[in-house]
Student: 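The structure's right below; bear with me while I get my questions together.
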Amino acid sequence: MQKIFNLACGSFYALGAYVGVSAVGWYVGAGGPPALFIVPLALAGLAAGAVGVVVERGLLRFVYDRDETFQLLMTFAIVLMMEDAIRLTWGTAPRSTAGLYLTYGQLSFLGATAPVYNLIVIAASLAIALAIGWLLTRTAFGRIIRATADNREMAEALGVDMRRVYARVFTLGTALGTLGGALVIPATAAMSEMGVELIVEAFAVVVIGGLGSMRGAFVGALVVGVLRALAITVYPELEMLLIYLIVIAVLAARPRGLFGGAA
Amino acid sequence: MKGGLAVALGAAAVAAAPLVASTYHALLMLPFMAYAVVLLGLNLLFGYTGLVSFGHALFIGLGAYTGAFLTTHAGVRSLEVILLAAAVLGALVAVPVAALCVRYVKIYFGMLTLAFGMVFYTFLLKFYRLTGGDEGTPFLRPSLLGRNLDAMPKIDYLVGPYYYYSLAVLVLAALGMWRIVHSPFGLCLKTIRDNPTKAETLGIGVARHRFYAFVISAAYAAVGGALLGPPTGNVDPTLAYWTHSGNIVFMTLLGGFSSFFGPVVGAFVFIYLQNWVMSVVPYWRLIFGAMLAVIVILAPDGLVGLATRRRPALAGRP
């Protein structure tokens with residue numbers, strides 16, 4: 001929406017994951033009922049989004065008027081800093097919440113077994129997607145965001161305080177990233193490299209779907225997820241290769257993505 | 001001609017380094033010279049054509065793996081052949097990549113190059129029978145100018161013949177690039193960077209020029225990549241990872257993309273600073289990230305830009 005391609009979103013995701021692990025560890029240590037561990041997890045994920053304000057105010061706002069190249073490099077700087085900041089705080093060993101996600105039990109459906117926690121995450125991401133869609137299309141704030149994305153000068157002339165809009169949008173994006181990281185973590189483990197690895201996947205998702213299109217991002221995520229799972233079962237060597245080839249094909253044929261607006 | 005004097009002094013200092021500096025520092029010069037070749041190429045795209053590639057690690061990796069494959073599997077040990085093969089292969093691979101990428105500019109160009117870089121990275125990682133997977137492939141010691149130097153102790157080889165060989169390659173690469181950017185072709189590229197619409201109106205084939213610039217820069221990156229192999233004796237897929245592409249763009253920006261020797265200075269400062277910071281604290285990324293942020297905000301022209309702005313007399317000092 002800000003027309004900034006943020007290489008650092010993967011880093012926020014990693015940060016959310018680590019904060020989530022720590023929060024759950026503290027929560028369990030403090031004797032909270034395990035069944036409610038998702039509450040501190042989500043709260044921690046959202047709270048970690050506060051780093052977005054710092055990053056936006058401290059670094060990104062200086063480059064809004066610059067060439068896109070500098071914006072890209074600024075986010076790359078954030079990637080570098082975040083990766084080591086995470087290593088500095090949590091060390092290099094992977095962290096996980098052990099088998100906590102199995103407290104919700106498993107569910108068998110059509111011969112397939114899935115932990116209930118995974119279903120909760122799926123439901124949560126659907127809810128978040130709907131909420132974002134509602135925010136963007138049905139609220140005054142959403143209209144302001146879209147107006148700003150379309151024509152910044154005009155929006156500014158009409159009395160929109162650009163600095164606040166940008167700060168909020170970026171923080172919101174960051175909070176979603178950290179929340180996503182936190183929610184996913186019980187099922188996997190937090191590693192300091194997950195940020196740089198995720199970004200290429202996130203990038204694939206966004207490109208396939210189309211930049212600046214929320215619906216596109218959702219479809220893109222689905223395409224990438226399903227294809228990865230499919231490739232792993234059929235021919236594992238092709239797993240990531242396939243994703244990038246699709247990205248290239250999409251970019252070559254429809255540079256604005258499957259759901260992108262007109263150029 | 002102060003700039004020319006500074007360049008001559010710099011070159012003389014590099015040439016004298018193995019004789020006066022410690023072996024340790026002379027060894028650090030080897031990756032510097034390899035990266036300098038890569039960056040000369042990258043800057044033809046970045047500084048002169050205005051396209052920022054986030055996928056040039058592809059060509060570094062390609063060059064390095066070409067050398068590793070030739071020495072390990074094909075029994076070819078001549079570094080001249082390796083460098084030539086790397087350049088040709090780099091250019092060949094760049095043809096389809098460039099044909100697709102130059103249709104876009106700015107952020108889309110960056111993303112598309114990043115995607116291609118990652119395709120190659122995953123290829124290196126997954127097709128382990130050919131590439132050795134994440135362990136990489138050994139890069140056996142190449143012979144120089146037809147002389148087999150296998151009997152030499154490794155350090156003597158690296159700071160002796162190999163050092164001067166790299167330097168010679170760097171000087172040739174710089175001379176070649178100097179000719180390119182000061183030719184009519186180079187002027188066309190600058191026009192395209194500054195005003196593509198006007199360039200088109202003037203009859204310059206914008207896409208065609210961008211295409212050639214991309215292919216040339218890819219060949220340079222592949223040659224530089226091949227030079228990176230012998231000092232470590234092994235090449236691995238991280239050479240092609242996207243953060244590596246980011247790092248070389250960082251080096252270019254650090255030195256200053258708007259001057260011819262800026263990227264070379266950037267490579268030098270980056271490598272020495274990284275080495276120094278890592279010897280003090282292991283968290284070099286934190287410090288370098290902060291440094292990059294400061295450069296982007298305060299000194300987008302890089303170190304050379306700072307030097308020329310403050311003290312015009314020392315322009316281009318490495």
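Letters go in sequence order (proteins before strands), and every chain restarts at 1.
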Student: Can you name the ring-ring contact (aromatic ring centres under 6.0 Å, His included) partners of B/Tyr212, sequence neighbours left out?
Tutor: none
Student: Could you give the side-chain donor-acceptor pairs of residues 43-59 of chain B under 3.5 Å, partners two or more places apart or in another chain?
Tutor:
unit_1  : atom_1 : unit_2   : atom_2 : d
B/Asn43 : OD1    : B/Gly47  : N      : 3.1
B/Asn43 : ND2    : B/Phe257 : O      : 3.1
B/Thr49 : OG1    : B/Leu44  : O      : 2.6
B/Ser53 : OG     : B/Gly55  : N      : 3.1
B/Ser53 : OG     : B/His56  : N      : 3.3
B/Ser53 : OG     : B/His56  : ND1    : 2.8
B/His56 : NE2    : B/Ser217 : OG     : 2.8

Student: Below 4.5 Å, heavy-atom pairs only: which of B/Val294, B/Ile287, B/Asn247 has the largest tally toward chain A?
Tutor: B/Asn247
Student: Check each atom of B/Leu253 against the heavy atoms of chain A and say whether the ones under 4.5 Å are side chain, backbone, both or neither.
Tutor: side chain
Student: Over all heavy atoms of both residues, which pair between A/Phe76 and B/Thr243 is shortest? Give the atoms and the distance, please.
Tutor: CZ-O, 3.6 Å
Student: How far apart are the closest heavy atoms of B/Ala293 and A/Met81, and which atoms are they?
Tutor: CB-CE, 4.4 Å
Student: Taking all atoms of both residues into account, what is the closest heavy-atom pair of B/Leu286 and A/Asp84, and its distance?
Tutor: N-OD2, 3.1 Å
